[in-house]
There are 8 protein chains.
Amino acid sequence: MQKPLVGIVMGSDSDLSVMSGCAKMLEAFDVPYEMLISSAHRSPEKTLAYARTAASRGIEILIAGAGKAAHLGGVIASETPLPVIGIPMKTSDLGGVDSLYSMVQMPGGIPVATVTIGAAGAKNAAILAVQMLGIKYPELRRKMINYKEKMKQDILEKNERLQSIGYEKYLEEMNQ
Amino acid sequence: MQKPLVGIVMGSDSDLSVMSGCAKMLEAFDVPYEMLISSAHRSPEKTLAYARTAASRGIEILIAGAGKAAHLGGVIASETPLPVIGIPMKTSDLGGVDSLYSMVQMPGGIPVATVTIGAAGAKNAAILAVQMLGIKYPELRRKMINYKEKMKQDILEKNERLQSIGYEKYLEEMNQ
Amino acid sequence: MQKPLVGIVMGSDSDLSVMSGCAKMLEAFDVPYEMLISSAHRSPEKTLAYARTAASRGIEILIAGAGKAAHLGGVIASETPLPVIGIPMKTSDLGGVDSLYSMVQMPGGIPVATVTIGAAGAKNAAILAVQMLGIKYPELRRKMINYKEKMKQDILEKNERLQSIGYEKYLEEMNQ
Amino acid sequence: MQKPLVGIVMGSDSDLSVMSGCAKMLEAFDVPYEMLISSAHRSPEKTLAYARTAASRGIEILIAGAGKAAHLGGVIASETPLPVIGIPMKTSDLGGVDSLYSMVQMPGGIPVATVTIGAAGAKNAAILAVQMLGIKYPELRRKMINYKEKMKQDILEKNERLQSIGYEKYLEEMNQ
Amino acid sequence: MQKPLVGIVMGSDSDLSVMSGCAKMLEAFDVPYEMLISSAHRSPEKTLAYARTAASRGIEILIAGAGKAAHLGGVIASETPLPVIGIPMKTSDLGGVDSLYSMVQMPGGIPVATVTIGAAGAKNAAILAVQMLGIKYPELRRKMINYKEKMKQDILEKNERLQSIGYEKYLEEMNQ
Amino acid sequence: MQKPLVGIVMGSDSDLSVMSGCAKMLEAFDVPYEMLISSAHRSPEKTLAYARTAASRGIEILIAGAGKAAHLGGVIASETPLPVIGIPMKTSDLGGVDSLYSMVQMPGGIPVATVTIGAAGAKNAAILAVQMLGIKYPELRRKMINYKEKMKQDILEKNERLQSIGYEKYLEEMNQ
Amino acid sequence: MQKPLVGIVMGSDSDLSVMSGCAKMLEAFDVPYEMLISSAHRSPEKTLAYARTAASRGIEILIAGAGKAAHLGGVIASETPLPVIGIPMKTSDLGGVDSLYSMVQMPGGIPVATVTIGAAGAKNAAILAVQMLGIKYPELRRKMINYKEKMKQDILEKNERLQSIGYEKYLEEMNQ
Amino acid sequence: MQKPLVGIVMGSDSDLSVMSGCAKMLEAFDVPYEMLISSAHRSPEKTLAYARTAASRGIEILIAGAGKAAHLGGVIASETPLPVIGIPMKTSDLGGVDSLYSMVQMPGGIPVATVTIGAAGAKNAAILAVQMLGIKYPELRRKMINYKEKMKQDILEKNERLQSIGYEKYLEEMNQ
């Protein structure tokens, strides 16, 4: 097993079903990672110790997913020179705008690289991490180019299918 | 000099002109306090150490003022059994709704007692602290009753003035 | 039966299922409380009489839960020197941002200590009340320290489980 | 001097410059009114006593102007069978959306007839009051018809001026 | 059959299930009304003709319910000296904040008396109409006093039930 | 003088300084237009008559600028088969989000082609009108292509200037 | 088969069920169209090539439907002199306000004619396209007049039905 | 002169005074950069060509600053395997929430690493870029550790100053 390059932290196991999308995307790029449940508020010392030691253990990027008053990204960022990516969780009352503001509006000096709210964000955090790692690892740069190419092929094929069968049949197929 | 009962923390000295309103109101009630600049993000260890030791040093209430992704209240609350009051600072872009959500939307288990955005909040944080201390100190309970009585007298007098001189003269006097 | 220290008021019995979480948390700390349905708008005299007499009957903290134009906290706060905690109810149209603004944006002089929207807020209101009571009752301070310790243990155990079985099995267990 | 038909209440004399627009518009319709500073939070008993006795003293409509957690309209409405009109004040942080939600989102059973935020609302509250009084007083119905006719003439004349001199000259005249 | 005093207009029959709550409340007060589907956008002439002739046909109050860019209230208000009450419909995307702004933010000169979003608003519009009619009809003023008294009794009884059986049994009864 | 192809309507002369930007841009394309002050609420009959007769008088596009509860676009759209472009005015309290929602959220069947809030929107409404007219008038299509080419040249030149003198000098030049 | 006059582009096939409403409405007006899946982000070259060549292939209007950071409309508008209509998709977290702002707030010079969020917008985009084409094709102008007439008849008939059977029966019929 | 590692792109020279803060911060870390004015909408081809060739020219990170419907970050991200950082500009009407949503809410597959709105964001984008480059360049990792240490010292010194002279003198010094 390879040494992890990315540390994924989430504030609660209720975020796990969304955050697993981040892990799966890293697996697709063969990027070794570790995944942790550690809260900025309920286990602050552990969270800070984790952030403080991540760089020296070889972690190169930290990803934090949290909801509501989502301090996890900022708290981790305060204790590491590594780039920190934040995923704002969707919330049942405010839709995730609370999580988003709590992550993205960091004061000057301590950025959190914030991505899309929710599941799309979990996926995007992994992709962003791969892009960052691509600065150092040419192999990952190449894989990212291929990934983007594949995304393009997928949508071109979907469009071809739409052109060939029309929207009514296409919708039927989607609903099956 | 009395031992401080309240600890006021702010994340930046740019918050000081607002936060001084909190200090002034505590002075009006003769509540001894200490005031600190310590950031959740720029001096996290100091902030946490302060929070961790506050109770044992005799502090009974902590007040945190911060803006934008305002994590200060939550970070302090994570490390103390004391009640923590949060004042969301007004921000120039989002008006303070970012600070508000970052403070009030704390996850279950770690409350931050959030008050009004900005200067009214700084004043209200001090009053709330006095009300909490009134649970233990009957003298402060009495002062709070008097304070409310005085607020009532003030507004009754303003109303009497309005009745006696009419709104046009009253506005003139206000604008002088 | 002990004399109640906390008064929980809600504006409607439709808030009871959320507000019962507040009662349950107080029970977990063995804090005696009373619980009341009394509306700022439908039974104003009763609400005010309750607020006015609470302190003299030995109540030390008042908790108000209400939704939409949530005036209950402010109305109670106007008539008592006690600290008042407000829980903004989630609403079906605006998600609870209406309740939140109606509670937290109190004018200078009359704070309402506002907590998270909805069920997390009901829990947090009780915890905040225990923290306030801890100023006077060392036993509650100790219990709060234990509570936070237990929260920490819970999350550490969850993390250990995650490390030992991996996220896929963990998600399976959660969904069972 | 005629007996007042409308009671204008504001929560603070800081609202007076806006609320005076309401008074002036009632004067333009020769509707006798009284104007009061009385806060839902700082002088609750007086506010409630005022609301409770308004109908028996011959008042037919109550107008409340307040900002932030603007409870004044709802508190007054709780104690009177009269229609209550609410004017949400503009706020420096949230623009008045806090005042608006606190006024308009009243629970079923206790309406507050909410108008535009700020100065336009103060004017509109008076016009709405005249429209309500027009139900009983045909003279006010007639005046309202004339008022609307005059508004129409004003805008038609403005348009004619625009047509005759062109927009550049018109803007010059406006800026003089 | 009595001549209608209130005209209820809705922009679409998709609003009828909400707006029927308004009709039912007027029936409870024995206020004769008429109810109309007429859109500001799809049948503008009819809507305006209705508004223009309402006063002369003896209608004393107009109630408009509409969603999204909810112009119905404003369009009706432009053509009548009668008071116009607006009910903003809840919307599936923006929760009704679009309807609310489109109704309440009327320019100076043409108020729409806006009430709560959705079903509570439909009820409140009827109550507000009764309060307005109470200016002229003492019988309706009396009924409104009784209605408020009944609301108070209901909530007092609910509270007594809560006191006697406790919150757990109360919740059980509610869920049956 | 050519017959106007575009009708610009604004609800108040207070919108004229913004709306004149729309006129100026049409002049730059030599598109003949007429400009009108006519309110949906204060002069509804005139506004509707204007909308109803615009097509038969040779107008091909209508542009409506209005603020707050901005019904002008929708009211005009209800009475014409022509495309209607809406410009939401910035408002001092809600920033123009009220105007935006009131314009863009039209119900199915009656679109208003909504553009950017404020001055950028006034300019964009004119450009959109030229694009629509370009469907019929090849000369305007050509002018639009040139306009876009010129925009591109402008920004390329600005970039060249930046490259040649550096950002500090560039900022100095801008501030002169 | 006629040459298409309208190009409908969507960023993802997940938008197809909403966007098909746009196609259906164009079919109802016998307006030939083409429909494309092409993303601003996943297939940018294809999207831009499509936009760049649309005018020369005889397309007269482009319609773009996209959600979240909905750049599709703006990206297409950057490369064509044709009018571009944007449909903001509803989103599960922010309700579509993200899509709306990303579409409507275009900088001066590059408008996107934005319509209602979601399904009503898809329908309205088609109607707006027909209105634009009506500038050139008198037959479509006539059809639009008929369409509006039919909308009016529909609502008048619904109203007649309501008058004849009452709201209770009407609701019953709707629920069947 | 070193070969640039970071490309800073802004959509308009009106963003330059904010974006220069980004350049200055990169200079403080001795990170070579290039800075470009190129719009997603006004010079799309140039923007895309720039994005497409950046990696092969040795650029490792792209930073995009834009306001309103801020597509620049997403458009660039569509054409590069490099990480793209987005700075949402503050806007005069919506405060920058439009820019923020347009940047952060990117669909799954194409992330934009979004930072704080406005000037704090410009600074944070540079810091985030240095953190990313620190993955590859140990010297930058070390500088980042020093930078954070310096931030900590600064705030500790400010706090010491506050402790030694008190808040009133401190405020006086700030205002000089």
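Note that the coordinates shown come from a computational prediction; the quantities given were computed from them, not determined experimentally. Proteins come first, then strands; the chains are lettered A, B, ... in the order of their sequence lines, and each starts at number 1. Just so it is clear, the values below take in all heavy atoms, side chains as well, and ignore hydrogens, waters and symmetry mates.
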Answer with side chain, backbone, both or neither: which region of [X] has an atom nearer than 4.5 Å to a non-hydrogen atom of chain B?
X	result
C:L100	side chain
C:V97	side chain
C:A77	backbone

Review point. Under the side chain to side chain contact (heavy atoms under 4.5 Å, CB included) criterion, do B:Q105 and C:I117 qualify, and how do the steps go?
Key: CA-CA 7 Å; B:Q105 282 294 77; C:I117 296 170; 3.7 Å; yes

Which portion of [X] sits near chain C, non-hydrogen atoms under 4.5 angstrom:
X	result
B:L140	neither
B:I61	side chain
B:V104	both
B:M132	both
B:K136	both

Among [options], which residue forms the greatest number of heavy-atom pairs with chain C at distances under 4.5 Å?
options	answer
B:P81, B:A113, B:A126	B:P81
B:G86, B:P88, B:P111, B:G21	B:P111
B:M25, B:R142, B:M151, B:K143	B:M151

Review point. Taking side chain as C-beta onward, heavy atoms only, is C:Q131 less than 4.5 Å from B:L82?
Key: no

Review point. Heavy atoms, side chains only, cut-off 4.5 Å: are B:R141 and C:E60 in contact?
Key: yes

Revision key, fill the gap. Shortest non-hydrogen pair, C:G108 vs B:A120, comes out as N-CB, 3.9 Å

Practice item. Considering non-hydrogen atoms only, spot the tightest contact between B:P83 and C:I135 and give its length. Key: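 B:P83 and C:I135 have their closest heavy atoms at CG-CD1, 4.1 Å.
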
**Study point:** Main-chain N/O of C:P107 paired to B:T116 side chain as donor or acceptor, under 3.5 Å
**Key:**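 Side chain of B:T116 to backbone of C:P107: no pair is present.
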
**Study point:** Check: C:T80 main-chain N/O paired with B:K148 side-chain donor or acceptor under 3.5 Å
**Key:**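 Flag set: sc B:K148 to bb C:T80 pair under 3.5 Å.
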
Check your understanding: chain B: which of C:I145, C:I110, C:V112 shares the most heavy-atom pairs with it under 4.5 Å?
Key -> C:I110

Point to revise | C:H41: ring pair (Phe, Tyr, Trp, His ring centres under 6.0 Å) partners, not counting sequence neighbours | key: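 Testing C:H41 for ring pair (Phe, Tyr, Trp, His ring centres under 6.0 Å), a comparison that skips the adjacent residues, returns C:H71.
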
**Study point:** Interatomic spacing from OG1 in B:T114 to CG in C:L128 - rounded to 0.5 Å
**Key:**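 That separation rounds to 9.5 Å.
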
Practice item. Could you please spell out the steps behind the side chain to side chain contact (heavy atoms under 4.5 Å, CB included) verdict for B:N124 and C:M106? Key: CA-CA 8 Å; B:N124 276 350; C:M106 289 292 289; 4.2 Å; yes

